[in-house]
Structure formats: structure tokens, C-alpha cells
Amino acid sequence: MNPAREPSDQELRDLYRAMLRIRLIEEEIAARYAEQEMRCPVHLSVGQEAAAVGACAALRPADQITSSHRCHGHYLAKGGDLRAMLAEIYGKAAGCCGGRGGSMHLFDPDAGVLASVPIVASSVPLAVGAALAFQQRAEDGVAVAFLGDGSLEEGVTHESLNFASRFHLPVVFFVENNFFSVYTPLDQRQPARPLAALAAAHGMPALEADGNDVLAVLKATKEAVADARAGAGPTLIVAETYRWREHCGPNYDNDLGYRTEDEFLAWKARDPVAAFAARLSELGAMTDTDSDAMAGAIGAEIDAAFGFAKAAPFPDGATAAERVYA
Ligand SMILES: Cc1ncc(C[n+]2csc(CCOP(=O)(O)OP(=O)(O)O)c2C)c(N)n1
């Protein structure tokens, strides 16, 4: 432990552990998906772990996040309950939405996961609403909206940025630019300008960070969160990263031709989890024994959580009409 180091060795290991845990959980979902017991679509964030973990490491438990269809990493990084997440994906009553939502509707009010919603960009104004509530109650909480590059093409995102900026709300708009909206690359959808340039139009600062570098993400998010907490208003953060697997599902789909295998391999070589392990090893902050022990403990946690989710009961059919607006 080097007391002069910021973050400390323990904090560095915790960041690594959080990324590894998300990776192993999603790899296990992918491995078991063909069993056809998870009867909902899954949008995996394998390859994007540094963005979720770096951003959430800058937050307090009472801060709130919102997410999209690709929400597993955000939910877990913010402290969402793993058993409730897996039970939800298995459609069980013990799931975080009582088994009615599936993988794209992860909520955990106790952990500050306000909502995850798969209608693209629809959760962005929810984060703004959470920030407005913090402001009106004179609380020092901060809300973070996680959104993809595709969400910047939705009007409600710009309404949200406009409103948040006008009222100096304590919210951070965290864009994970993974360069694709399903199969359509960014350069076919948006003009050639940095995504961060959109912030100026809404009168707010922008920060760019390497989305595969957890420390870079943490640094940018800490800065934006400190400003928001101090009453300086919102920030737009853009972090470039890459989804390894298909848009939706457990497989790889580079053979479809919307992106090249070479591009995928170049990003895979920049694996945020493996790269951080190597960095910690160089720094002397983590040994192989440390990382093996982490992987073992996480593996046992995952096995137990899948066991719980698979064995849990389905919702009672008589409750089907509950929690439904009509
Ligand atoms: C309003 C709306 N339009 C279209 C879709 C279909 N859709 C689901 S995910 C997605 C891509 C979103 O891209 P992005 O926001 O960049 O997130 P990513 O999938 O890359 O994580 C689209 C178009 C949707 N869910 N909602």
C-alpha cells in the first residue's frame, strides 16, 4: 500500500475487481443463454466495463443513475443486487421488477439505480428529473444518465441537455460512444464533428475520456460530479469504447459485414479489464495471487446467484395484471 498514491492500491484493486465481476457475469449469461431459460433479449456490455466502473466509482451510494437497454454493467457498477438482476433476467418473482421487465429493466432504488429503459434515450430525462429533485430538496446528490452515441440522435436528449443547463441541474450526461447504433456506424448517422461539440450548443462543458481506461473515466467523472455537486450545473462526458459481441444476444456477429474483424480485434487488444490488470501488476498494486483469488470469489458468487435465480419461483399468474397501467 502506497499512502501517497491516489487512488490507493486497494482502490485500484477494487476498480479492477468491479470490472472483472461485470465481465465474468456477462460471460456467464452468454454461456448459459442457449439453455433458453432466459426468455428476454440481452444486450451485453462486454468490452465496455471501464466506462461503467470508472463513472460509478465517482459516485456516492445516494447518487442516482439511469441507463438504457445495455444496463447490466451500470447496474452492477452502481451496486445493484446481482441476485435480483439474474432473477429478473430469468423472469422470476424475486427479480428487481418482479420478473416482468427482463434484462433491459434493471432498477435498484437502494443502490441508486433509478431506472433502465430500452426506449432509446427515454431514461435521459429521468436523470434530469432526479437532478431537479435533488436541487429542489436542497440535497447534494448528483444524477448520471448513461447513454449511447445513438441516443444523441433523439430529440429528448437535447431537450434534457437544454433544460439541465438552463437550470444548472446536478446531472452528468455520460455518453458511451461505441460507434454503432445496432448495425449502423456513427459516420453514417451523424455529421463529422466530435460528439463532445454538442455540449457547447447547450451551454455546458464537455469532457472526453478514453472509455477503455477506467482511471481516465474516473478522473473525468470526478471532475464533472464535483462541478455538479457544487452547483455549477451539468457536464457532457464522451467516452469512446467498443461492444465486443452482437448488438443483442450472446454471440459475435462480425461476419455480418457491418464492421470488420480487424476493427474488432484492434479494440479487443485494448481489453479494458486485461489492460488494467497489467497496469496494476506493473505498479505493484496487484499480484497474480490477488487476481486469482478475486476471480475465484467472484466465480463462487456468480454460481450461487445463478443457482438462486434458476431455482426461484415464477410470479404467480394471478398477479399478471398488477403493476400494469390500463
Ligand atoms: C426510440 C427507439 N428507437 C429505436 C430503438 C431500437 N434500438 C434499440 S437499441 C438501438 C441502438 C442504440 O444505440 P446506442 O444508443 O448507441 O446504444 P448501444 O446499443 O450502442 O449501446 C436501437 C436503434 C429503440 N429501442 N428505441
Side-chain angles (χ1 to χ4, degrees), residues 7 9-40 42-54 56-57 67 70-92 94-96 102-103 106 108 110-111 113 116 212 214 241-246 249-252 268-312:
D9 287 359
Q10 182 61 51
E11 286 166 335
L12 292 171
R13 284 194 295 274
D14 288 347
L15 290 169
Y16 173 72
R17 186 185 187 289
M19 288 197 291
L20 179 67
R21 181 167 175 266
I22 293 170
R23 171 70 57 87
L24 295 178
I25 290 166
E26 291 208 304
E27 295 288 9
E28 192 63 24
I29 290 171
R32 295 183 187 238
Y33 199 69
E35 292 169 1
Q36 299 219 26
E37 289 182 46
M38 296 174 233
R39 305 298 298 176
C40 63
V42 288
H43 299 75
L44 302 177
S45 60
V46 177
Q48 301 187 200
E49 297 87 349
V53 169
C56 288
S67 181
R70 204 173 304 287
C71 56
H72 300 168
H74 307 138
Y75 172 95
L76 292 167
K78 187 66 173 65
D81 184 276
L82 174 61
R83 297 197 325 168
M85 167 179 152
L86 292 179
E88 188 58 41
I89 295 176
Y90 277 90
K92 302 300 181 68
C96 58
S103 152
L106 300 184
D108 190 335
D110 294 338
V113 185
S116 312
N212 276 25
V214 69
T241 183
Y242 203 77
R243 119 178 103 70
W244 288 11
R245 292 177 183 258
E246 60 189 334
N251 301 312
Y252 293 91
K268 196 159 183 252
R270 298 189 51 232
D271 178 345
V273 183
F276 197 57
R279 196 157 156 190
L280 295 199
S281 171
E282 267 169 42
L283 287 170
M286 186 170 75
T287 63
D288 288 350
T289 314
D290 292 333
S291 52
D292 289 349
M294 272 184 223
I298 293 168
E301 181 200 7
I302 294 173
D303 281 350
F306 271 90
F308 166 80
K310 284 167 78 96

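Fair warning: this is a prediction, and the values are worked out from it, not measured in the lab.
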Let's go through Asp271 and Trp244 carefully: what are the C-alpha distance in whole Å and the side-chain angles of both, what is the deciding distance for side chain to side chain contact (heavy atoms under 4.5 Å, CB included) to 0.1 Å, and is it a yes or a no? CA-CA 10 Å; Asp271 178 345; Trp244 288 11; 3.4 Å; yes

Kindly indicate, with the supporting measurements, whether the criterion side chain to side chain contact (heavy atoms under 4.5 Å, CB included) is fulfilled by Tyr252 and Glu246. CA-CA 5 Å; Tyr252 293 91; Glu246 60 189 334; over 6 Å; no

Kindly indicate, with the supporting measurements, whether the criterion side chain to side chain contact (heavy atoms under 4.5 Å, CB included) is fulfilled by Ile29 and Leu86. CA-CA 9 Å; Ile29 290 171; Leu86 292 179; 4.2 Å; yes

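Atom-to-atom distance recorded for His72:NE2 and His43:NE2 is 9.0 Å, nearest 0.5 angstrom. Between atom CD1 of residue Ile298 and atom CZ of residue Arg17 there is a gap of 4.5 Å, rounded to the nearest 0.5 Å. Distance check: Cys56 SG to Leu15 CG gives 11.0 Å after rounding to the nearest 0.5 Å. Note that OH of Tyr16 is 9.0 Å distant from CZ of Arg23, once rounded to the nearest 0.5 Å. Distance check: Leu106 CG to Met85 CE gives 6.0 Å after rounding to the nearest 0.5 Å. Between atom NZ of residue Lys78 and atom CG of residue Asp108 there is a gap of 9.0 Å, rounded to the nearest 0.5 Å.
Side-chain contact check for Thr287 and Asp290: at least one donor-acceptor pair (N or O, by modelled atom type) lies under 3.5 Å. With hydrogens and angles left out, the side-chain atoms of Glu88 and Ser103 include no donor and acceptor closer than 3.5 Å.
Side-chain contact between Arg21 and Met294 is absent, with no heavy atoms from C-beta onward closer than 4.5 Å. Two residues are said to be in side-chain contact when any heavy atoms from C-beta on lie closer than 4.5 Å; Tyr75 and Cys96 meet this criterion. Arg70 places a side-chain heavy atom less than 4.5 Å from the side chain of Arg243. Using a 4.5 Å heavy-atom cutoff, the side chains of Val214 and Pro272 are not in contact.
Within the 3.5 Å criterion, the main-chain N or O of Glu28 finds no donor-acceptor partner in the side chain of Tyr33. Judged purely by atom type and a 3.5 angstrom limit, Glu49 uses its side chain to pair as donor or acceptor with the backbone of Gly47. Looking at Ser281, its side chain never comes within 3.5 Å of a backbone N or O of Asp288 through a donor-acceptor pair.
A cation-pi arrangement is not found for Arg270 relative to Tyr242, the charged atom failing to lie both closer than 6.0 Å to the ring centre and inside a 45° cone about the ring normal.
The pair Glu26-Arg245 fails the salt-bridge criterion, with no side-chain N (NZ, NE, NH1 or NH2) lying under 4.0 Å from an Asp/Glu carboxylate O. Salt-bridge check for Lys310 with Glu37: passed, with a basic side-chain N closer than 4.0 Å to an acidic carboxylate O.
Heavy atoms of other residues, nucleotides or ligands lying less than 6.0 angstrom from CZ of Arg83 number 12 at most.
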